[in-house]
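Okay, so here's the structure we're looking at.
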Amino acid sequence: MDEQNLAPENNESVSPEQESAMIQAMDAVDKTNDTQDFDPEATAKAEQSESEQKALAEQGAQMTAYMGLAAIEMAIQSTVHPRFKIPDHNRDEVIQNCAPVLIKYGALVPEWLAAYQEEITALKSIGSLGMASYGEIKRLSAEDKALLAADAQNDDQVGDTTQEAA
């Protein structure tokens, strides 16, 4: 920018050339700084959008942690013991403490899947019911076999005593 006298001295009036030069200088500074007029509504909307995104990320992280715990619980139930259950207080603590880490590393359930949280929860409940039912059937079958074995043993003992009496 040329060093020219852009401002009048001693209350002199501004010539049109000086005014035009000042406007051009201000426009050049605006372009250099890429400044925009402040829009409080846009700022408020951006802040609201950011807080909504944080809330959605938190909800997604909690859902991801919940699904992970449900998978762990079902795996333990099917391989170790069918009555195993993660206590609710431990489950809640893990969900609350893991959610920020999941957000930090971006290990979240995709948004399109998060929309189906209720369906996923229902499916988990149905899966749990299926696993519990299967375990109950195995337990009842084992009881039936034990009863049949006990009856067969009683029949053998009754048969032995009747043969001895004869």
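- In this structure, Val101 shares a hydrophobic cluster with Tyr105, the cluster being traced through Ile, Leu, Val, Met, Phe, Trp and Tyr side chains under 4.5 angstrom apart.
- When hydrophobic clusters are built by joining Ile, Leu, Val, Met, Phe, Trp and Tyr residues whose side-chain heavy atoms come closer than 4.5 Å, directly or via intermediates, Leu56 is not grouped with Met63.
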For this session: Just do the side-chain contact (heavy atoms from CB on, under 4.5 Å) check on Gln77 and Met74 with the steps written out, would you?
Result: CA-CA 5 Å; Gln77 287 173 343; Met74 287 178 66; 4.3 Å; yes

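- Under the 4.5 Å side-chain heavy-atom criterion for ILVMFWY residues, a single connected hydrophobic cluster contains both Ile95 and Ile86.
- Not a single salt bridge (charged side-chain N to carboxylate O under 4.0 Å, His left out) links Glu119 to another residue, sequence neighbours left out.
- Partners of Pro16 according to the side chain to side chain contact (heavy atoms under 4.5 Å, CB included) rule, which considers only residues two or more places apart in sequence or in another chain, do not exist here.
- Of all non-hydrogen atoms in Ala99 and Ala61, the two that sit nearest each other are O-CB, 3.4 Å.
- Residue pairs meeting the side-chain hydrogen bond (donor to acceptor under 3.5 Å, both in side chains) criterion with at least one partner in residues 129-151, sequence neighbours excluded, are Glu136-Arg139, Arg139-Glu143.
- Residue pairs meeting the salt bridge (Lys or Arg N to Asp or Glu O under 4.0 Å) criterion with at least one member in residues 56-80, sequence neighbours excluded: Glu73-Arg91, Glu73-Lys124.
- Placement of Ile126 and Ile120 in two distinct hydrophobic clusters is found when ILVMFWY residues are connected by side-chain heavy-atom separations under 4.5 Å, directly or transitively.
- Under a 3.5 Å cut-off, the side chain of Gln18 and the backbone N or O of Ser15 do form a donor-acceptor pair.
- The structure places CE of Met22 at 12.0 Å from CG of Asp27, a figure rounded to the nearest 0.5 Å.
- Separation of atoms CE (Met67) and CG (Leu123) is listed at 9.5 Å; rounding is to 0.5 Å.
- Residue pairs meeting the salt bridge (Lys or Arg N to Asp or Glu O under 4.0 Å) criterion with at least one member in residues 75-85, sequence neighbours excluded: Lys85-Asp88.
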